[in-house]
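Quick notes on the structure that follows.
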2 protein chains.
Amino acid sequence: MKKKDQIVHAAAKLFEERGYAASSMRDVADSVNLTVSSLYNHIKGKDDLLRLICFGNAEKFHDGITKVEHAHQDHEERMRAVVRLHILMSLEHSTTVTVFNDEWRHLQEPHLSFFKELRRSYEQRVLRIIKEGLISCGKEDRDARLLMYSMFSSINWLHYSAFYRNHPDREDVVRRLETMIIRAIIGD
Amino acid sequence: MKKKDQIVHAAAKLFEERGYAASSMRDVADSVNLTVSSLYNHIKGKDDLLRLICFGNAEKFHDGITKVEHAHQDHEERMRAVVRLHILMSLEHSTTVTVFNDEWRHLQEPHLSFFKELRRSYEQRVLRIIKEGLISCGKEDRDARLLMYSMFSSINWLHYSAFYRNHPDREDVVRRLETMIIRAIIGD
DNA sequence: GATTCAAGCAAACAACTGTTCGTTTAATAA
DNA sequence: TTATTAAACGAACAGTTGTTTGCTTGAATC
C-alpha cells in the first residue's frame, strides 16, 4: 500500500476513535512511525486528510446506488438493495463510514458546501427509490423522508457495538437487520 | 436562571454545533458575555461542563424509564412507552441529548467508566422490556438487542433534520415515528 | 460604617496546535 | 560519475489551548 494511503488510513482510525478535532497531526505521524514534518511530503494538510476520507466514501455510496439502479427494475427489490448497500458499507468500511458520518462538519469551505450538495442529491435518489417502493406496495400514505432518515440512522449503531461488529455470523446479522428495516418501511 | 446553568446551557449548544474538542472555553465565555477567567468562579473546568451535561441527561433517562416501569403493566404498552420516551427526549432536550450521544467519549476518568456503567445498566432495563414485549406478541425469535440498538439509533437523525425539528405538526411526527419503530419491532 | 464574599477582570502560564523551512539521506536517471 | 528527486528529519513559527493568579468591584451581612 502506498504511503499516502497508509497515512489516510491511520488518520481515519484516529478520527474515528477520538474525533477530528481531538486528533493531532503528531498523533497521525506517530501511528505511521514518521515525524510530523514528513507527513507534508505526502499530504497537503490536516483538512486534506478529512477531505480524502469523506469524499472517498461519498464516491463509494454514489457508485453503489448507481449499480443498484441499473441492477434492479422491481421497485421493492431496488429498495432492499439500497438497504443492503448501507448495511454492507457500514460493516466493510466501518472506520471511514464513521468518520464520514460524524466528522464531515469539520470540512472547510468550499469542500463543506460541495459535500452537502453531494449528500443532498444522494438523498434525492434514495428518496425516489423509497417512494416508488412504497407505491408498488400500496403504502404511499407513509412518510418516505422520515423512513429514509430512520433507515440511514438505524444502521449507524453497528460501528459502536463490538458485539455485532465482531459477530461470528455476519451474514445472519445482515439478514436480520435488513429484514427489520424492510419491515419498518413496508411491513404491517 | 442561575448563572451556572446559563453557562452549562451555552456550552451544550457549542458542543452540539462544533463538538467538545473544537469548542474553546473562550467560545463558551463569549456566548454568555463573560471573560474566560470569570467562568471559573462558577464551574470547575471544561470537563466539568461536559460531565454536567452528560450525567444530567443520564438522570433524565433513568427517571423516565422508572416512570414507564411503574405506569404500565402491559408488556406491549410498556414497550411503546419506552419508544415514546426516547422520541420525546430527543425533541424536548435536543441539544443536550445530542451532546450526550456524541461527546460522552471525551469524559475523563473516573467519570467515563461511571458513565459507561450507567448506560450498560440502562440498556439492560430496556432490553428486558423489549424481550417481554416480544414474548407477549409471540415474536420471541427476534433479536431483542439488535432491535434495541436500532431503536435508539433510528431516533438520532431527528436533531440533524431542520425539516422535522421545526415541523409545524410535532404530534404527527411523533406518532409516525413511534408507529414505524413499533412496526420494526413487532410488525409483520 | 466595617467586614465579608461572590463575581467580575487582565495578564500570564506552560503545553499543544498545524504548518514551514532548510537540510540530509538514499535511490534513480542521465 | 554526476545530477535529480522523493522522502525523511529537527527546529522553529505564530497562534490557540485550559487554567491560575492577583486584583477590583459592589452588594449583602454584621
Side-chain angles (χ1 to χ4, degrees), chain A residues 1-56 96 99 102-112 115, chain B residues 1-56 96 99 102-112 115:
Chain A
M1 186 162 48
K2 202 118 176 61
K3 202 51 165 273
K4 180 172 178 177
D5 295 330
Q6 286 180 36
I7 295 171
V8 174
H9 197 265
K13 221 157 192 181
L14 280 171
F15 295 169
E16 178 195 20
E17 287 168 11
R18 316 179 188 179
Y20 176 77
S23 308
S24 76
M25 290 300 273
R26 282 159 181 87
D27 293 332
V28 176
D30 282 350
S31 64
V32 287
N33 286 320
L34 283 181
T35 47
V36 220
S37 45
S38 303
L39 290 180
Y40 289 83
N41 287 322
H42 303 275
I43 50 115
K44 288 180 193 165
K46 194 184 179 185
D47 52 316
D48 195 36
L49 287 172
L50 184 61
R51 227 193 66 243
L52 290 167
I53 297 165
C54 287
F55 285 95
T96 53
V99 176
D102 299 347
E103 310 294 332
W104 61 266
R105 61 177 160 176
H106 294 110
L107 284 169
Q108 300 183 354
E109 294 292 2
H111 312 296
L112 180 59
F115 182 85
Chain B
M1 186 161 50
K2 203 125 175 54
K3 201 51 163 277
K4 181 173 176 176
D5 295 330
Q6 287 179 35
I7 295 171
V8 174
H9 196 264
K13 216 152 195 186
L14 280 171
F15 295 170
E16 178 195 20
E17 286 167 12
R18 317 180 187 177
Y20 176 77
S23 308
S24 75
M25 291 299 274
R26 282 161 180 84
D27 294 332
V28 177
D30 282 350
S31 65
V32 288
N33 286 320
L34 283 181
T35 47
V36 221
S37 45
S38 303
L39 290 180
Y40 289 82
N41 288 322
H42 303 276
I43 49 114
K44 289 181 193 163
K46 193 183 180 186
D47 52 315
D48 196 36
L49 287 172
L50 185 60
R51 227 192 65 243
L52 290 166
I53 297 165
C54 287
F55 284 94
T96 53
V99 176
D102 299 347
E103 309 294 332
W104 61 267
R105 60 177 161 174
H106 293 111
L107 284 169
Q108 299 183 354
E109 293 291 1
H111 312 296
L112 180 59
F115 182 85

Euclidean distance, atom CG of residue B/Asp30 to atom C1' of D/dT16 [Å, nearest integer]
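From B/Asp30 CG to D/dT16 C1': 14 Å.
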In whole angstrom, give the distance that lies between atom CE of B/Met25 and atom P of D/dT19.
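My rounded result for the distance is 6 Å.
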From the set C/dC9, C/dA7, C/dG18, return the single nucleotide nearest to any side-chain atom of B/Ser38.
C/dC9
Of the listed nucleotides (D/dT19, C/dG8, C/dT19), which one gets closest to any side-chain atom of A/Tyr40?
C/dT19
Any chance the side chains of B/Ser24 and B/Asp27 put a donor and an acceptor closer than 3.5 Å?
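Side-chain D/A pair, B/Ser24 to B/Asp27: present.
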Fit a plane to each ring of B/Phe115 and B/Trp104, take the angle between them on a 0 to 90° scale, and name the class: parallel (under 30°), tilted (30 to 60°) or perpendicular (over 60°).
parallel
4.5 Å side-chain heavy-atom contact, B/Leu107 and B/Tyr20
no
Which is true for [X] with a 4.0 Å heavy-atom rule: it touches a base, it touches only sugar-phosphate, or it touches nothing?
X       : answer
A/Asp48 : nothing
A/Ser37 : base
A/Asp27 : nothing

Considering heavy-atom distances to DNA chain C, does B/His42 or A/Ser23 have its closest nucleotide positioned more toward the 5' end?
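With B/His42 and A/Ser23 compared, the 5'-side residue is B/His42.
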Earlier contact from the 5' end, DNA chain C, for A/Arg26 and B/Thr35:
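This one resolves to B/Thr35.
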Does atom NE2 (B/His9) have a neighbourhood of more than 12 heavy atoms from anything else shown, all under 6.0 Å?
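No, the 6.0 Å shell around NE2 holds no more than 12 heavy atoms from other groups.
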For the side chain of A/Asn41 and the base of D/dA6, is some donor closer than 3.5 Å to an acceptor across the two?
no
